[in-house]
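Before any comments, here is the structure.
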Amino acid sequence: MAQLIDGRATAEKVYAQLRGDIAELNARGVTPGLAVVLVGEDPASRAYVRSKDKMCRNLGLHSVKLELPAETTQEELLARVEGLNRDPAIHGILVQSPPPKHIDEAAIVRALDPAKDVDGFHSMNVAKLALGDSSGFVPCTPLGCQRLLVESGVAISGAHVVVLGRSMIVGKPMAMLLMQKGKAADATVTVVHSRTRNLPEITRTADIIIAAIGQAHFVKAEHVRDGAVVIDVGINRVDDAASERGYRLVGDVAFAEVEPKAAAITPVPGGVGPMTIAMLMSNTVKACRQQAAADR
Ligand code: NDP
């Protein structure tokens with residue numbers, strides 16, 4: 001039986017540490033502030049924004065939830081971002097993805113003050129990650145995967161990690177993070193994607209598999225060697241008549257057949273998901289600390 005890597009319990013550990021950091025900042029008269037901007041009515045995005053707001057309040061952070069109508073123009077949104085960039089009570093800004101079609105998301109990300117870009121999507125923060133400059137912000141999901149590995153005692157140094165997926169949100173930053181020189185890294189990383197030949201042969205050589213492709217139950221027993229560690233980032237809806245909602249959420253990994261082969265594995269839900277939000281809180285506290293130091 002594989003060790004079950006519990007994202008909820010690990011996120012709680014992160015929160016316990018963050019509460020200490022937040023208390024220290026409060027003692028200096030500073031409260032970390034996060035602004036989450038949502039344009040439009042997408043129900044999944046709304047749910048994400050609500051849970052981020054709830055977690056901020058739970059930790060005693062200053063939380064601003066800006067819910068803008070779907071008709072909001074690019075100029076209006078840019079003006080809002082500019083306002084938040086200038087607001088000294090806000091240390092982190094997140095614009096919930098995906099925005100409506102008429103919004104140029106890349107231009108919005110470019111407009112963010114990199115010092116407040118707690119999602120780590122601004123080119124300045126992408127560059128810092130590539131350069132190994134730890135003052136930047138790393139996207140929350142890959143950062144959460146790395147933390148899960150560390151907290152679960154998985155040896156990363158020297159391990160062969162195969163990352164499935166090359167998005168800018170998960171796959172690419174995940175690979176950069178684990179191939180860096182230094183603590184919690186030093187892995188040998190292979191990235192596979194939709195054009196990769198012989199994908200199962202490659203994943204079978206992995207000590208650690210990180211699946212982030214958005215394909216339900218894609219990673220099967222044949223993709224995994226005995227004793228591998230499997231991190232499942234995927235969140236996919238599959239029809240389920242037995243469920244009240246008519247669907248259920250599953251990962252990119254066929255858990256039932258992979259779990260018996262794995263040394264350790266994350267469930268979906270309850271694996272990577274809770275860590276993503278924990279890392280958003282962590283990045284917000286880091287942003288606050290950096291901005292408070294710069295003000296002194
Ligand atoms: P994207 O759709 O942006 O990227 C998917 C990547 O997977 C692409 O690089 C694509 O290859 C590759 N891919 C797709 N199909 C295949 C295939 N059949 N074989 C090999 N590679 C394939 O997805 P994201 O990175 O944004 O998200 C991935 C998954 O992670 C989704 O299920 C998403 O919901 C989930 N997610 C979960 C989060 C969490 O907090 N737990 C946060 C963010 C995402 P190519 O580049 O060649 O097209």
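Everything numeric in this text was worked out from a predicted model, so none of it was measured. Numbering of residues begins at 1 and proceeds along the displayed sequence. Counting starts at 1 for both ligands and their atoms, in listed order.
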**OP:** Closest by any non-hydrogen atom to atom 46 (O) of ligand 1: pick that one out of Met275, Met174, Arg166, Arg237.
**Re:** Arg166
Do [X] and [Y] meet the criterion of a side-chain donor-acceptor pair at a distance under 3.5 Å?
X	Y	result
Lys116	Gln291	no
Ser97	Glu105	yes
His160	Thr205	yes
Asp53	Ser63	yes
Arg19	Asn58	yes

Short list, please: which atoms of ligand 1 are under 4.0 Å from a heavy atom of [X]?
X	result
Gly214	28 (C), 29 (C), 31 (C), 32 (O)
Thr276	39 (C), 40 (O)
Val272	41 (N)
Asn236	32 (O)
Gln215	14 (C), 15 (N)
Gly165	6 (C), 7 (O), 9 (O)

Subject >> Row check, Phe137 ring normal vs Lys286 NZ/CZ: under 6.0 Å, within 45° >> reply: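 That pair qualifies as a cation-pi contact.
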**OP:** State whether the shortest distance between N or O atoms of Val170 and N or O atoms of ligand 1 falls below 3.5 angstrom.
**Re:** no
Original post:
Would you say Arg195 and ligand 1 have an N/O pair spaced under 3.5 Å apart?
Top reply: no
**OP:** Could you tell me if any non-hydrogen atom of Gly273 lies under 4.0 Å from any atom of ligand 1?
**Re:** yes
**OP:** Heavy-atom distances under 4.0 Å are what count here, so tell me which part of Val233 touches ligand 1: side chain, backbone, both or neither.
**Re:** both
Original post:
ligand 1 versus Leu199, non-hydrogen atoms closer than 4.0 Å: side chain, backbone, both, neither?
Top reply: side chain
**OP:** Take atom 41 (N) of ligand 1 and look for protein heavy atoms under 4.0 Å from it; say yes if you find one, no if not.
**Re:** yes
**OP:** Check Val191, Val170, Leu199 against Leu164 for a side chain to side chain contact (heavy atoms under 4.5 Å, CB included) and give me the one that passes.
**Re:** Leu199
Original post:
When rounded to the nearest 0.5 angstrom, what distance separates CD1 in Ile277 from SG in Cys140?
Top reply: 9.5 Å
